[in-house]
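Note: hydrogens, waters and symmetry copies are ignored here, and every other heavy atom, side chains too, is used. Chain letters run A, B, ... following the sequence lines, proteins first and then strands; every chain starts at 1.
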Amino acid sequence: MSRDTIVLLGVNHKTTPLAIREKLALSAGYDEPLLALGQLEELREYYLLSTCNRVEILFTCQNVEQARTRVLEQLFAGTLSKEEFDQHIYQYLDGQAVEHLFLVAASLDSMIVGEAQILGQLKEAYRHASRNGCSGFVLNKLLHKSFSVAKRVRTETRIGASAVSISYAAVELARKIFGDLAGKKVMLVGAGEMAELAAEHLLGQGVTEVIVANRTLQRAINLARCFNGRAVSLEELLDQLQHVDIIISSTGAPDLILHKKDVRSVMRERRNRPLFFIDIAVPRDLDPAINELDNVYLYDIDDLHNVVEMNKSERDKEAVKAQRIIAEEKLKFGKWLLNMESTPTIIQLRTMVEELVRGEVEKTMGRLEGLSEHDQERTEKLVAAITGKMLYRPLHYLKNENHCISLPDRINTVRTLFQLDNGNHEQDAP
Amino acid sequence: MSFLLFQASVAVYLFSVAAYLVFFLTKKTTVRRIGRWIFFAAFLLHTVNIIFRYFEAGHTPITSHHETVSFFAWSLGCCYLSFRWRYTVKNLGTFVSILVMALMLVATFSSREILPLPPALQSWWLPVHASIALIADGFLALAAIGGIMYLLQEREIKTKRFGLFYSRLPSLEALDKLNHHCLSVGFPLLTLGLITGSIWAKQAWGAYWHWDPKETWSLVTWFLYAAAVHQRFTVGWRGRRVAILSIIGFLAVLFTLWGVSFLLKGVHTYVS
């Protein structure tokens, strides 16, 4: 029995254009796709992450190729052709998968290196997986490790200190369009975490009013209360466009919610006062053609990347330091994984020896009647002590780094020597 | 004496252009402060030069080509400083100093001789009409510079490819405000220039309007700006369209200033 392989499949903003990511995004939440993955026998443990910049599936399995095909079929059937999958989806195994997960958690793989949102998103995704009982021994350990790696990177490097998030980039752009943001109004369409963050940034820059439009009005009202703003329903969107200046859209709607012709008619009524649309939803909410209108500026999440690129070099230096931390942690985890390979053997060996010793002790004890509770306790200790003493040398041989003999060979030796693979060992016991 | 002052101001303008360009490329604010002071010094020298020339010539020095272009450069500097005093527009100084420098070079290479004024032009309408018209041109030039900056900046924001200008130019709103300010001051002055010119023409030549090429082209320019102002203040045009109109209008101004004098002949030529 060999250890399961850790597999990571995914797309992110670096490998895949927005148009493709939109198709793969799990906009319906995690529970449904996790349930779907649960039907696959090939997977032992699995977990899903879907943010606006990435969709990633992490699982352990025996047969990688078969599992990969089944997973893609189960989750994304009918979205892309096989060639497109091969072209866009990256696949990492074992060590590489671990490293990638650490990079993501530490926000080194983010569109905006050092932004803190991703760790929250990762934790949220893990919460769903563990609540549904999808993650097991290996993934639990791996994900918890990734959280601590992220924390280590954050505290030991200054990567988060100058962290700029998408929202910050949006504020920068707004200032290039409007100059002073005092007196401007911002509208959030859809109430996502990222949109909230952007609104907070804008309020800090002197924006006077925040208006929240949401499908469920209650959520809009709650959010608006945080910003001392107003809530409106999604149907009032067009009317509101006359009064606001900056629109941040992040709904989970599958289709466009605003088209070029809608905005054109609004511009006439606005007497051409500029409008700035920020579309951070995946799939997109706003018609890309809106950007062609005069005095209207539309940026989607990929475009914001460029703004960020401009003041990135400082963070890149810290990123090198962070990479080192991740390489270190990857090595440590690799060792743990490797030791995992010997774990079944160790457990088996321990059980066997303990059973043998206990059998012999109990055989002798059977003749000595009337043992006090105290003496029984001492015999228990005796069993444990003999087992421990006996196992010390073979376990030491297994666990310790031995440069001459590889771990699989050592495992093999121990298994042969103690005849662990010969089925019922009790019959062979002398 | 005025000649020396002129040379000196050209040299100092050159330094300010250099300083502004260094600031434009390196974004070091200390360099900008230096550039600003040098520009101001050059402007003062230029002012003194014009005053000296007034006394040397015995009449307002806006008659020959050299004097007109030099006064145009001065009025542009004047408009810039007046605007600068109220609003800050990042890097406007760089663009303005280059245009001022270009005008000064044109003035340098045209004849600096002081010529006697024909009797028809000896009137106090000369300083009134000529200076109002040229100061109007100064504001309109500033509007055109703002327009160019607007188009450069807008293109980078629209195409989402950030190059040389994105970080160096001010916000679109600031540039649009500059256009608003310059049109709302420049256009009334232009109108006033036309009216004073017309009154002077009645006095000098006996009729309010001659359809001489310069007058015709001034009228064309006026209509262009009237259109821009109308669209801006009543229809609500702003941004790119007004920027383009301002640039076209300024091209008409330049044609009125030079094209008419050199290509078409009429009574309104410079003294030569």
Side-chain angles (χ1 to χ4, degrees), chain A residues 17-18 111 166 169-184 205-207 242 245-246 260 264-279 286 288-313, chain B residues 25-27 83-84 86-92 146-147 149-181 183-184 227-247:
Chain A
L18 184 54
M111 180 177 277
I166 286 278
V171 170
E172 190 90 325
L173 262 168
R175 286 165 59 90
K176 273 292 175 198
I177 293 169
F178 296 108
D180 195 1
L181 292 183
K184 297 288 182 283
Q205 292 290 329
V207 163
Q242 285 180 38
D245 305 285
I246 301 168
K260 186 178 172 182
R264 182 186 286 141
S265 59
V266 168
M267 284 313 281
R268 216 165 293 142
E269 286 154 44
R270 287 178 62 88
R271 291 178 61 87
N272 293 314
R273 276 180 297 119
L275 260 180
F276 180 29
F277 288 96
I278 303 160
D279 187 356
L286 308 175
I290 288 175
N291 192 44
E292 292 160 16
L293 294 168
D294 261 356
N295 298 311
V296 180
Y297 306 90
L298 166 68
Y299 274 70
D300 65 32
I301 198 141
D302 274 3
D303 300 329
L304 289 171
H305 191 194
N306 293 328
V307 189
V308 171
E309 283 289 307
M310 296 198 309
N311 42 11
K312 219 180 88 177
S313 52
Chain B
L25 294 172
T26 63
K27 304 188 206 172
F83 186 79
R84 175 71 193 65
R86 288 180 58 189
Y87 313 93
T88 31
V89 175
K90 200 176 169 190
N91 260 319
L92 178 60
M149 290 168 79
Y150 186 95
L151 292 182
L152 289 173
Q153 179 70 303
E154 204 232 13
R155 207 188 53 171
E156 295 206 343
I157 293 179
K158 268 275 191 218
T159 60
K160 298 159 188 177
R161 270 194 289 276
F162 302 120
L164 187 63
F165 299 110
Y166 176 76
S167 61
R168 294 183 171 87
L169 295 189
S171 65
L172 294 177
E173 184 76 12
L175 290 170
D176 199 53
K177 214 181 256 173
L178 170 73
N179 183 282
H180 183 279
H181 175 88
L183 281 189
S184 54
V229 168
H230 176 263
Q231 294 297 358
R232 161 135 225 152
F233 291 90
T234 64
V235 182
W237 276 22
R238 48 155 71 216
R240 198 167 64 90
R241 293 184 187 181
V242 186
I244 292 173
L245 273 181
S246 304
I247 293 167

Okay, side chain of A/Lys176, backbone of B/Pro170: is any donor-acceptor separation there less than 3.5 Å?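 No; judged by distance alone, with no hydrogens or angles, the pair does not exist.
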Which atoms of B/Thr159 approach chain A - backbone, side chain, both or neither, heavy atom under 4.5 Å: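 For B/Thr159, no heavy atom lies under 4.5 Å from chain A.
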Of the backbone (N, CA, C, O) and the side chain (C-beta and beyond), which part of B/Leu169 lies under 4.5 Å from a heavy atom of chain A, both, or neither?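 It is the backbone, since no side chain atom gets that close.
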Counting C-beta onward and ignoring hydrogens, is there a side-chain heavy-atom pair between A/Arg175 and B/Ser171 closer than 4.5 Å?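 No - every pair of side-chain heavy atoms lies 4.5 Å or more apart.
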Do B/Ile157 and A/Phe276 come close enough that some side-chain heavy atom pair is under 4.5 Å?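 When only atoms from C-beta onward are counted, A/Phe276 and B/Ile157 do not touch, as no gap falls below 4.5 Å.
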Considering residues at least two apart in sequence or located in another chain, which fulfil the side-chain contact (heavy atoms from CB on, under 4.5 Å) criterion with B/Lys177?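 Result, side-chain contact (heavy atoms from CB on, under 4.5 Å) vs B/Lys177: B/Tyr87.
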Residue by residue, scan residues 291-298 of chain A and write down, ordered by number, those that have a heavy-atom distance under 4.5 Å to chain B; if none do, write 'none'.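 Expected list: A/Asn291, A/Glu292, A/Leu293, A/Asp294, A/Asn295, A/Val296, A/Tyr297, A/Leu298.
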Pull out the residues in residues 237-244 of chain B that come under 4.5 Å of chain A, heavy atom to heavy atom, sorted by number.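 Contacts with chain A: B/Trp237, B/Arg238, B/Gly239, B/Arg240, B/Arg241.
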Name all residues meeting the salt bridge (Lys or Arg N to Asp or Glu O under 4.0 Å) criterion together with A/Arg264; count only those two or more places apart in sequence or in a different chain, and write none if there are none.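 A/Arg264 satisfies salt bridge (Lys or Arg N to Asp or Glu O under 4.0 Å) with no residue once adjacent residues are dropped.
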What's the separation between atom CG in B/Asp176 and atom CG in A/Asn272, rounded to the nearest 0.5 Å?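 One finds 10.0 Å between CG of B/Asp176 and CG of A/Asn272.
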Contact origin within A/Arg268 toward chain B - heavy atom pairs under 4.5 Å: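 For A/Arg268, there is no contact with chain B at all, as no heavy atom is under 4.5 Å.
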For B/Tyr166 and A/Glu172, which heavy atoms make the closest approach, and how far apart are they?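 The answer is OH-O, 4.1 Å.
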